[in-house]
Enquirer: 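What follows is a single structure, and I will ask about it in a moment.
Letters A, B, ... mirror the listed sequences (proteins, then strands); counts begin at 1.
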2 protein chains.
Amino acid sequence: MTPTLNRPEALAGRVVAAAAPSSCFDRELFLRGVKRLEQAGAPVRVPEEVYARRGFLAGSDEQRASALVRAWEDPDAGAVWCARGGYGSLRILPLLDFERMASAPRLMAGFSDVTALFSVLCGRLRVPAIHAPVATALGKMEQAHAAEAAGALVRLLSGEPPLPLRADPPLTLRPGKAEGRLLGGNLATLCSLCGTPFFPDLAGCVLFLEDHREAPYRIDRMLAQLRLSGLLSGVTGVALGGFSDCGPPDQVEQVLADALSPLEVPVAGGFPAGHGKRNLPFALGVPVSLDADAGVITFLESPTA
Amino acid sequence: MTPTLNRPEALAGRVVAAAAPSSCFDRELFLRGVKRLEQAGAPVRVPEEVYARRGFLAGSDEQRASALVRAWEDPDAGAVWCARGGYGSLRILPLLDFERMASAPRLMAGFSDVTALFSVLCGRLRVPAIHAPVATALGKMEQAHAAEAAGALVRLLSGEPPLPLRADPPLTLRPGKAEGRLLGGNLATLCSLCGTPFFPDLAGCVLFLEDHREAPYRIDRMLAQLRLSGLLSGVTGVALGGFSDCGPPDQVEQVLADALSPLEVPVAGGFPAGHGKRNLPFALGVPVSLDADAGVITFLESPTA
């Protein structure tokens, strides 16, 4: 066990508290996602404040930040689950007292825009988290995929040992094996932290990336920016999830391969996580072993204490 | 006159050399733009290498970088004019010998993706440039707007004193007056430099921003990133060009006003420059006076020696 991880406790019969740090959302879709997680075995507490709205955001920055902290510190809750991604986490980063949050670590689940929060939580504070569908995404999924994702999320929240994540199908962009803490998430959200004090230290880490509706030139631009900023040096390997609706898959694949090859580390694509049909939950912030030939991420430690 | 500016000479009867540092482009559209500039009085030299192509780029990074330097150093040319924006300038920044380029300054014209080059040229090297339609953009414009833009570009290339740029109609987001060197350009391109060594020092500068097809949340995200990176501190005023096809104009305006208000400097919108119907050429890198109440940018010095 890496002594430097600040592991939260598993759910252990407590509720999951919903929080909305990002965009406002469709209530019906959200509640369908909540129902699906509950059917999979985790009761969800939905504070009325998640329904706040201000423009495209789920309330003002102050509202979203304080609601997130309330969910985090809810004594009845064993985890925090984000309602929707979209955009907005970046705006509340300067308002959050991360040291205080780290002093009572919680297991947080979400993806996409939530990457901004994970970057500080998993990166700087070394509190592991769960990369998983947000509630609206779970609500929107086809039934079978939703059941698969909800079941896997409940197992991780409950502290069961993480299963390997297998690429489907494997796509070896650069062969080899790598080890390191798994960090990252949504490329555009991660890139929006570039230059700010909130970008995670990726040295010695395996980087996970996924994205949605970003044209190939934008993917190239974001990776060029990260590389020119020196923020990818020291990355030991790259695991790619879905790049859904980003243009012709062969062009996207070529851009990813070209942009990541200067790193000279193993790069594996095809992991069923992101904005595509399948979005399998997995642990962020924990040490993993990436096998880019077989297309497998093996989790070497549990995200929970 | 500010002694620290490194002014290029005006055209003085020489040709304009075309260069393609960014995306590949439609030859017909490009040649229509070239013809329009020639009809306005500036002969254009088109090296065959601008037609190179590699994926979505106008040739490999090495090709585009060396072709740009050849146009820059062409003894028969008095200015360099970019063929198209799109994407690609960022990729060649590490390949360019900017000190060498600054030792023989040239007047460069373009916009959009060319913002990446301007950020180093006008920002770090203090070589003024012209924010103006690239050739394909001039080729695509309605005839009357193209004639207006081509005429203004030829006048600036020829060293005529810059005329004020007037907002049409003025949109005062924060009243007041500001002075400083005018820097900036396309918001997304500028933002792609955030964190890299190529972002310009904006302290004491008036910042010009425009963009195209960026949803309000993306505009907000980019401005939040720049602000959180500390790169906007010291900006004395902000002038906004077009934000075309970025969503409902009132929502875009609200996002811009909200995101820029923490700077506590004059902010004026409505300048006819960018990806909209009108794209009036103006000098970048020179001291200006911004009147956010009247919606006027007055150029205090000439971009040319």
Enquirer: Tell me, do Leu240(B) and Leu171(B) make a side-chain contact under 4.5 Å, heavy atoms counted?
Expert: no

Enquirer: Answer with side chain, backbone, both or neither: which region of Gln251(A) has an atom nearer than 4.5 Å to a non-hydrogen atom of chain B?
Expert: side chain

Enquirer: In terms of heavy-atom proximity below 4.5 Å to chain B, should Phe198(A) be classed as side chain, backbone, both, or neither?
Expert: side chain

Enquirer: With a 4.5 angstrom heavy-atom cut-off, which part of Tyr217(A) approaches chain B: side chain, backbone, both or neither?
Expert: both

Enquirer: Cation-pi check, Arg27(A) to Tyr51(A): give yes when NZ or CZ is under 6.0 Å from the six-membered ring centre and within 45° of the ring axis, no otherwise.
Expert: yes

Enquirer: Considering only heavy atoms and a distance below 4.5 Å, find which of Leu226(B), Leu228(B), Val255(B) pairs most often with chain A.
Expert: Leu228(B)

Enquirer: Is chain B contacted by the side chain of Leu193(A), its backbone, both, or neither, given a heavy-atom distance below 4.5 Å?
Expert: backbone

Enquirer: Which bit of Arg218(B) is near chain A, if near means a heavy-atom gap under 4.5 Å: side chain, backbone, both or neither?
Expert: side chain

Enquirer: Is there a side-chain contact between Thr189(B) and Ser89(B) in this structure, where contact means two heavy atoms from C-beta onward sitting under 4.5 Å apart?
Expert: no

Enquirer: Do Arg221(A) side-chain atoms and Tyr87(B) backbone N/O form a donor-acceptor pair below 3.5 Å?
Expert: no

Enquirer: Would you say that more than 12 heavy atoms from the other residues, nucleotides or ligands in this model lie under 6.0 Å from the CD of Glu62(B), or not?
Expert: yes

Enquirer: Strictly below 4.0 Å, N to O, side chains only: are Asp220(A) and Arg91(B) in salt-bridge contact?
Expert: yes

Enquirer: Below 4.5 Å, heavy-atom pairs only: which of Leu93(B), Leu90(B), Leu57(B) has the largest tally toward chain A?
Expert: Leu90(B)

